[in-house]
Asks: 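Got a structure for you, written out below as structure tokens; questions coming shortly.
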Amino acid sequence: MVGSMVVLGIESTAHTASVGLVTEKAEVLGLASDMYRPIKGGIHPREAANHHVECFPGLVERALESAGVRPADVEAVAFAQGPGLGPCLRAGATVARMLALAWDRPLVPVNHCIAHLEIGRVGSGMDDPLMLYASGGNTQVVAYGRGRYRVLGETLDIGIGNFLDKLWIELGGTFPGGPALEAEAKSGTTLLPLPYTVHGMDVAFSGILTAALALSARGASRADIAYSVEATAYSMLTEITERALAHRRRDTVVLGGGVACNERLRTMVRTMVEERGGTMYVPPRSLCVDNGAMIAWNGWLAFRAGVTVAVEASGIDPRQRTDLVAAPWRVV
Ligand code: ATP
Ligand code: FE2
């Protein structure tokens, strides 16, 4: 029996090395990931890249085996071209180029941020949702318009996930901080005052970080800090999402990115959207965090729209922005 044709997707923008195999109907046949966890402090780009280089051969094999897919069933090889950490991106791009050459298949460049959004859009079945992308390095409210994904609002300083990670590490925890803060927040009881920074559809988090650390120095408990930080930061995200919905006259929202794993954020945004008579969708956790399946799925969309790149021209782009990449598959 001939197996389904798949696109193989390689993700390596930051802490996670991942290989996904996805059919043209967006079924995830295989997904193998390994996350670099620094023993102390935040991500060290070169150490993360070394981790990825070591992991990739095994991950490619595991993904193919678990999916029952042979290299001959692979239609194209997609990779995350940016944005991300240079050494990490380079590790994944090298593996993708090598596979494309070895298997004589086209190479498809994918924008990591748009991949987070597209895997949510296909899962939602929504045609043209507004998207809240909340991850480590990025925090954006995005909508499609005239050939591209447009950033309607975003963080003016750090990404929400990096902010949560940094705060947790400063409070004595380890990376990643988001899930640990979520657990800690459950036993918080007091809402502490923190700066609430919304400018139109933009947000900023560094003031909350400074204020939360000052509260900690004055003896506030970790649980109350976690509870208050979540309440404040996720309210800000809910507010800018609501403003964008009103301006763009939409009633559907898709969440994406690692921070979209958070129950409190999900509940706050869902409540807001449903009170307006709309609906919200969030992908399963394995597809919210960095993963090769979202790269493979965006790879299919791009490949079918004619996007491929020659190996010689397949350089990475650590600063590639959501709104500077064409989305020809959305043009009808
Ligand atoms: P980007 O898409 O900006 O490149 P990224 O590559 O760092 O981000 P993702 O896997 O999309 O990574 O998101 C990772 C972030 O998600 C981390 O900052 C982590 O703390 C955060 N995160 C994961 N789970 C949760 C959770 N339950 N609550 C809050 N934050 C979470
Ligand atoms: Fe990500």
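Only this structure's heavy atoms are used, side chains among them; waters, hydrogens and symmetry mates stay out. Both counts, for ligands and for their atoms, begin at 1 and track the order of listing.
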Asks: Under 3.5 Å, N or O to N or O, is A14 touching ligand 1 that way?
Replies: no

Asks: Under 4.0 angstrom from ligand 1, any heavy atom of P179?
Replies: yes

Asks: Report yes if some N/O of E182 lies less than 3.5 Å from some N/O of ligand 1; otherwise report no.
Replies: yes

Asks: Can we say E65 and R62 salt-bridge, meaning some charged N sits less than 4.0 Å from an Asp/Glu carboxylate O?
Replies: no

Asks: Salt bridge or not for D128 and R250, using N-O below 4.0 Å?
Replies: yes

Asks: Out of N138, N291, D290, whose heavy atom is nearest to atom 9 (P) of ligand 1?
Replies: D290

Asks: So, for V309 and P109, which heavy atoms are closest and what is the spacing to 0.1 Å?
Replies: CG1-CD, 3.7 Å

Asks: Counting C-beta onward and ignoring hydrogens, is there a side-chain heavy-atom pair between L130 and V141 closer than 4.5 Å?
Replies: yes

Asks: Is the shortest distance from a heavy atom of H15 to ligand 1 less than 4.0 Å?
Replies: yes

Asks: A cation-pi test, strictly: NZ or CZ of R266 under 6.0 Å from the centre of the six-membered ring of Y234 and no more than 45 degrees from its axis. Yes or no?
Replies: no

Asks: Should F163 be listed as contacting ligand 1, given a heavy-atom distance under 4.0 Å as the test?
Replies: no

Asks: Of all the atoms in C113, is at least one N, O or S atom closer to the Fe ion (ligand 2) than 2.8 Å?
Replies: no

Asks: Is R276 atom CZ crowded by more than 12 heavy atoms from other residues, nucleotides or ligands, each under 6.0 Å away?
Replies: yes

Asks: Specify side chain, backbone, both or neither for E263, according to which of its non-hydrogen atoms lie closer than 4.0 Å to ligand 1.
Replies: neither

Asks: Quick one: do R330 and Y149 satisfy side chain to side chain contact (heavy atoms under 4.5 Å, CB included)? Show the steps, please.
Replies: CA-CA 9 Å; R330 292 288 317 256; Y149 281 102; 2.8 Å; yes

Asks: Just to be sure I read this right, does ligand 1 sit under 4.0 Å from the backbone of W168, its side chain, both, or neither, counting only heavy atoms?
Replies: neither

Asks: Which is closest to atom 23 (C) of ligand 1 by heavy-atom distance: G258, S18, G178?
Replies: G258

Asks: If you measure every N or O of G137 against every N or O of ligand 1, does any of those distances drop under 3.5 Å?
Replies: yes

Asks: Quick one: does F175 get within less than 4.0 Å of ligand 1, heavy atoms only?
Replies: no

Asks: For atom 4 (O) of ligand 1, find the nearest protein heavy atom and state the residue, atom name and distance (0.1 Å precision).
Replies: H112 NE2, 3.3 Å

Asks: Within a strict 4.5 Å, meaning less than it, do heavy atoms of the I10 and V19 side chains meet?
Replies: yes

Asks: Name whichever N, O or S atom of D290 ends up nearest to the Fe ion (ligand 2).
Replies: OD1

Asks: Please determine whether a side-chain nitrogen of the Lys or Arg among E75 and R105 lies less than 4.0 Å from a carboxylate oxygen of the Asp or Glu.
Replies: no

Asks: Of all N, O or S atoms in H112, which has the smallest distance to the Fe ion (ligand 2)?
Replies: NE2

